[in-house]
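Numbering of residues begins at 1 and proceeds along the displayed sequence.
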Amino acid sequence: MTKRLPCPPAPGPLEEYAERFDDRLGTLAQRRGFREYLQGLLLPRDRHKTLTGLVGTEPVVGAQAASVQRLQFFLSESPWDAEAINRRRLEVVMADPVTAPHADGVLVIDDSGDRKAGTRTAHVARQYLGSIGKVDGGIVAVTSLWADERIYYPLHLRPYTPAERLPKGKADPDFRTKPQLAVELVDAACDAGFSFRAIVADCFYGENATFEGALAKAGLPYVVALKPSSGIWAPADAVHTPEEAARELRWGGPDEPGDWTPVVRRFRDGHEETWWAADLLYGPYGPDRARRVVVATADPTTLPPLTTWYLATNLPLPGSSQADAVTFGPADLAEIVRLYGLRHWVEQGYKQLKQELGWADFMVRADQAIRRHWYLAFCAFSFCWRAWFTTGPPAMTEPVAPADSDAASAPVWGKNGARPARRTAPDPLATDAPSGARLARSLDLPLALLARLVERSPAS
């Protein structure tokens, strides 16, 4: 057998991480391309992370440079398996005690869309894009993410192909709806050996019979959101929606909560918030039935839309008749609220992938190249956590705002648009690049990016 040629090492701790993938990359060019691509994704974001941006050459004109052409071939033509790379990434995550999954975490299912012009790029069409909140030309991917109160990372992805992009439309054998893709992601997580307390998802999946039915058939626990107006068939004078059922609950204030139970939500920065939760009884739902609907809110009097959750779950109430009928453990109201609260890490994960790691910056058209770019961004994301737990956060040189300053520093969106937010202390998130010319120091920026997220995560 021919001896492998040594590969030029990646800077700093990235080399030790990249070595874990070498047996999944058959040639020296692939191993070097893998290192160069991750290195480019992890560099400070001075411009879009297209191929010329990753290499640091001039846009358009620099596209013919040898370094850019090498990465272009690595991403689009070179015969390596992106799924095999992702499997190795997950093996590395599971083998490390500080990132290994456990039975108290959650599997989050969600989708995200980004603008993309034209129609020749795979999966691109006019469709609803969550990143901008409206229908526009773009690409959508359904993803899974594992999370607990301390850490979160993506697992698998499936691009969504709209029916109009397929020869036979919805009748095409390759057509899959987003809920069908979500079921495939749940199967992939289970096949990879990931354990979790429940599968959580927003109301798009929570109100889909295909998704919920597949989870129920597989005997998997879930906590999914419902819209306040999600209705059921019932007599005209009966309760039809979870919001109507919640407004019928007795409430006399914090000292006389009536049907409500206080739930304390604790966060890593030390602050606590008292919410109120209750099991709803209407239609086919109830605390002693196979499917529960739970309402959780910061204010039972007004049920404010932004701080009120309506959650459907098959986790039985402790002591109920359903507790012995399922293979997974029961959950009280506090546990239901905790599990769904972890869902919001998927939004933070999208923010990191898109704003710092260039998730949507690709300028390739083929399905294979797009998937490869996404999985390489996943690898860069996982490396950030690995480096965080190895070296710790970078030192802060300026006073830091309280860890709960997300709500304080970001614009507040109401019915009439954005309102100016109150000013806070300087924010260390996504600061300027570290000083010095050594490339290895550029890896400090993704660590700073994650530093505030760890401080903000909810405490158990």
Side-chain angles (χ1 to χ4, degrees), residues 13-14 17 37-50 53-54 86 89-90 92-93 98-99 105-115 129-132 139-157 267-269 341-362 373-394 400 403-407 409-410 427-434 442-458:
L14 182 58
Y17 179 73
Y37 210 97
L38 291 191
Q39 177 179 308
L41 292 175
L42 291 164
L43 283 172
R45 189 183 178 91
D46 296 327
R47 49 188 279 205
H48 290 307
K49 294 190 177 180
T50 60
L54 297 180
N86 193 56
R89 177 184 70 89
L90 297 180
V92 172
V93 166
V98 298
T99 55
V106 296
L107 179 66
V108 186
I109 300 295
D110 200 13
D111 60 77
S112 181
D114 299 282
R115 277 195 177 113
L129 306 177
S131 60
I132 61 175
I139 187 169
V140 173
V142 185
T143 65
S144 58
L145 174 137
W146 191 92
D148 65 5
E149 288 83 358
R150 186 179 56 97
I151 191 172
Y152 58 96
Y153 46 81
L155 301 187
H156 301 93
L157 63 86
F267 296 84
R268 286 289 291 273
D269 65 347
L342 294 174
R343 192 204 76 84
H344 297 290
W345 281 130
V346 75
E347 306 295 349
Q348 200 67 58
Y350 286 143
K351 182 178 180 181
Q352 296 296 325
L353 285 167
K354 294 179 180 181
Q355 294 187 3
E356 293 300 323
L357 298 179
W359 166 273
D361 291 352
F362 61 86
H373 172 81
W374 283 341
Y375 275 131
L376 289 168
F378 279 7
C379 288
F381 190 97
S382 295
F383 167 77
C384 290
W385 278 115
R386 185 178 180 86
W388 164 270
F389 284 114
T390 301
T391 64
V400 180
D404 190 39
S405 62
D406 279 357
S409 60
D427 192 337
L429 183 62
T431 57
D432 291 338
S442 67
L443 302 180
D444 291 345
L445 188 69
L447 302 184
L449 188 66
L450 293 171
R452 192 151 161 263
L453 301 184
V454 174
E455 294 169 359
R456 269 278 284 119
S457 59

- Task: With sequence neighbours excluded, tell me which residues meet salt bridge (Lys or Arg N to Asp or Glu O under 4.0 Å) with Arg115.
- Result: Asp136
In Å, rounded to the nearest 0.5 Å, how long is the span from [atom1] of [X] to [atom2] of [Y]?
X      : Y      : atom1 : atom2 : answer
Ile109 : Thr143 : CD1   : OG1   : 7.5 Å
Ile139 : Phe362 : CD1   : CZ    : 4.0 Å
Phe383 : Gln39  : CZ    : CD    : 10.5 Å
Phe378 : Leu357 : CZ    : CG    : 11.0 Å
Leu145 : Leu157 : CG    : CG    : 12.0 Å
Arg47  : Leu54  : CZ    : CG    : 9.0 Å

Which atoms form the tightest heavy-atom contact between [X] and [Y], and what is the distance?
X      : Y      : value
Gly105 : Trp146 : CA-CZ2, 3.6 Å
Ala377 : Leu353 : O-CD2, 3.7 Å
Ala147 : Leu342 : O-CD1, 4.1 Å
Lys49  : Leu43  : NZ-O, 2.9 Å

- Geometric class of the Tyr152/Trp385 ring pair [parallel <30°, tilted 30-60°, perpendicular >60°]: perpendicular
- Only one of Val98, Leu14, Val92 passes side-chain contact (heavy atoms from CB on, under 4.5 Å) with Arg386; say which it is. Val92
- Task: Report yes if some heavy atom in the side chain of Val140 is under 4.5 Å from a heavy atom in the side chain of Leu129; otherwise report no.
- Result: yes
Output yes when a side-chain donor or acceptor of [X] lies under 3.5 Å from a complementary backbone atom of [Y], and no otherwise.
X      : Y      : result
Trp374 : Trp359 : yes
Ser131 : Gly113 : yes
His156 : Asn86  : no
Tyr153 : Val93  : no

- Task: Carefully, step by step, assess Cys384 and Leu42 under the rule side-chain contact (heavy atoms from CB on, under 4.5 Å).
- Result: CA-CA 9 Å; Cys384 290; Leu42 291 164; 3.7 Å; yes
- Can you name the side-chain contact (heavy atoms from CB on, under 4.5 Å) partners of Glu347, sequence neighbours left out? Asp110, Arg343, Tyr350
- Message: Applying side-chain contact (heavy atoms from CB on, under 4.5 Å) to Tyr17 and Arg89, what does each step give before you reach the verdict?
- Response: CA-CA 10 Å; Tyr17 179 73; Arg89 177 184 70 89; 3.9 Å; yes
- Evaluation steps, side-chain contact (heavy atoms from CB on, under 4.5 Å), between Phe389 and Ile151: CA-CA 10 Å; Phe389 284 114; Ile151 191 172; 3.5 Å; yes
- Task: Show your reasoning for whether side-chain contact (heavy atoms from CB on, under 4.5 Å) applies to Leu38 and Cys379.
- Result: CA-CA 8 Å; Leu38 291 191; Cys379 288; 3.9 Å; yes
